[in-house]
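A short worksheet on the structure shown next.
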Amino acid sequence: MSQGLLLWAILLIPLLGGAAVLCLHKYPNWREAASIASGVVLFLLVAILACNYDATNPPSQVLATPFPGLKLELSAEPLGILFALLASFLWPITTLYSVGYMRAEKAPHQTRFYLVFAVAISATMGVALAGNMLTLFVFYELLTLATYPLVVHAGSPQAKAAGRVYLGVLMGTSIAFMLPAMIWTWQLSGTLDFSRQGILPAGLGAGVLSTLLLLYVFGTGKAALMPFHRWLPAAMVAPTPVSALLHAVAVVKAGVFTVLKVVIYIFGIDVIADLFVAELLAYLAGFSILAASVVAMSKDNLKARLAYSTISQLGYILMGAMLGARAGVVGGGMHIVMHGFGKITLFFCAGAILVAVHKPLVSELNGLGRRMPLTMAAFLLGALSIVGLPPMGGTWSKLLLVQATLDSEVWVLTMVLLLSSLLNLAYLLAIPIRAFFAKPSPPAPDWQAASAVGWEAPPACLLAIAVTAFGCLLLFLMPDPLYQLAAGVLK
């Protein structure tokens with residue numbers, strides 16, 4: 001298969017999987033097998049692309065030419081391959097988890113769920129492999145539209161209200177800010193194609209560059225930088241598998257991935273390093289990191305706590321991008337993957353708790369480790385990775401981000417990163433400590449009576465949790481392939 005056809009296949013396999021899901025709607029076992037198989041095939045195709053990637057001759061494929069001189073084009077580069085590997089690997093794992101979760105919850109409209117999930121993954125692949133800013137923008141918007149039905153899946157008034165916030169913030173910011181930034185970029189440079197040296201012409205004033213950067217950053221609402229973050233906690237009304245993959249990995253990571261692409265391939269990191277407004281945005285990201293962490297500490301609802309934790313962790317990647325330092329860009333790229341594995345593990349565990357004992361609140365989890373030891377042990381591993389402690393993968397990306405603040409001599413942001421890790425400890429590790437060491441509050445809960453699925457969560461859920469938790473450990477032991485991909489964007 002040629003590299004161009006491989007790019008087409010990566011885009012289309014999820015859609016073909018969605019079509020298979022629709023055709024097999026009367027046969028749940030086959031329907032879900034088709035979804036998992038599509039995910040496995042997609043990951044293998046992305047892995048083949050990664051293994052055969054040649055930086056001197058990167059593959060590309062034109063999808064359409066809607067305007068003279070403007071193409072919808074797919075192209076592979078290291079950061080996009082990194083993002084595509086993450087999303088494609090975690091899609092079949094999340095589908096496996098969904099089988100146990102959705103069946104245990106007797107959730108309605110399961111065929112629609114798997115179908116829309118597949119469409120969203122296709123859009124994610126389009127974002128990851130976009131060859132220019134126009135293509136990225138188109139798939140970025142398609143991802144918003146594709147995930148909206150998942151946010152409102154329950155059909156409740158709360159879900160519909162959350163869906164309005166979701167669409168309003170994400171599409172409002174992209175149309176009001178990102179689209180004008182793209183048009184302005186086209187007028188200035190005559191192209192929207194990505195280039196490692198940046199595409200903006202030399203000699204532009206600091207005012208123009210600063211305004212463009214502000215438009216791009218605030219136009220990327222999926223990055224959840226305060227004050228454009230409300231959509232993320234609102235979207236937690238979605239089923240937990242949606243929260244896990246799309247709102248801990250695909251959607252939010254599409255946001256910070258877009259910011260990194262803009263910094264590297266539109267501006268160039270040397271330009272960013274000299275922009276005062278970029279430093280101000282780094283400080284804003286630092287504020288978002290600390291403020292979201294403080295809010296997370298106050299949340300008793302477990303999914304809400306994890307949502308604000310995600311807002312905080314996205315700030316790490318934005319900060320790394322805005323510092324204009326090599327370590328910040330590489331650390332931000334690695335953190336996309338490190339945080340993805342850690343946070344999806346935490347969301348999987350939160351969903352397992354809901355399925356097994358129907359307890360959504362942290363204050364209700366006293367002694368739960370005796371009832372669900374495997375789930376809570378996995379939660380501990382995921383939490384350690386989010387905090388950035390050995391032997392979990394998050395250690396490496398956070399060390400690089402700290403190095404970036406030292407290289408840039410912004411000591412305040414160094415302290416922000418260290419303080420935020422302490423806050424992470426406070427609001428995440430308190431949960432497994434409560435579960436393993438606190439005595440159940442009287443009256444003693446009848447855990448077994450509360451569960452319809454047995455001693456722990458369904459086996460499909462536990463298997464998915466085990467895979468992602470082990471991934472957190474493996475990323476600590478074998479970080480070099482990930483580092484090489486992340487560093488490849490600067491070669």
Task: Check: T310 side chain, L306 main-chain N or O, donor-acceptor pair, under 3.5 Å - done: yes
Open item on the list: So L280 and M322, do their side chains get closer than 4.5 Å, heavy atoms only?
Closed with: no
TODO: Check whether the side chains of S293 and S312 place a donor and an acceptor atom closer than 3.5 Å, and report yes or no.
DONE: yes
TODO: Could you tell me whether Y283 and F287 have their ring centroids closer than 6.0 angstrom?
DONE: no
TODO: Please report the shortest heavy-atom distance between A120 and L143, naming the atom on each side.
DONE: O-CD1, 3.5 Å
Task: Heavy-atom pair of closest approach, residues M319 and L413 - done: CE-CD2, 3.8 Å
Open item on the list: Can you confirm whether Q158 is buried at CD, in the sense that more than 12 heavy atoms of other residues, nucleotides or ligands lie under 6.0 Å from that atom?
Closed with: no
TODO: Identify the two heavy atoms, one from V119 and one from A146, that lie closest to each other, and give their separation to 0.1 Å.
DONE: CG1-CB, 4.0 Å
Task: Minimal non-hydrogen separation, A224 against L314, with atom names - done: CB-CD1, 3.8 Å
Task: Test: K222 cationic atom under 6.0 Å from Y140 six-membered ring centre, within 45° of axis - done: yes
Open item on the list: I want to check a possible cation-pi pair here: K261 against F194, using under 6.0 Å from ring centre and within 45° of the ring axis as the test.
Closed with: yes
Task: Distance-only side-chain donor-acceptor flag, S75 / S60, under 3.5 Å - done: no
- [ ] Please check if any side-chain donor atom of Q197 sits under 3.5 Å from a side-chain acceptor atom of Y265, or the reverse.
- [x] no
- [ ] Specify the closest pair of heavy atoms between A9 and L45, including all atoms of both residues, with the distance to one decimal.
- [x] CB-CD1, 3.9 Å
Task: Candidate list T173, V217, V256, test side chain to side chain contact (heavy atoms under 4.5 Å, CB included), partner L225, passing option - done: V217
Open item on the list: Less than 4.5 Å apart, side chain to side chain, heavy atoms only: is that true for L346 and I386?
Closed with: yes
TODO: Carefully, step by step, assess Y166 and T147 under the rule side chain to side chain donor-acceptor pair (under 3.5 Å).
DONE: CA-CA 9 Å; Y166 186 80; T147 49; 2.5 Å; yes
Open item on the list: Below 30° counts as parallel, above 60° as perpendicular, anything between as tilted: where do the rings of F476 and W396 land?
Closed with: parallel
Task: Nearest non-hydrogen partners of L209 and F267, listed with the distance - done: O-CE2, 3.6 Å
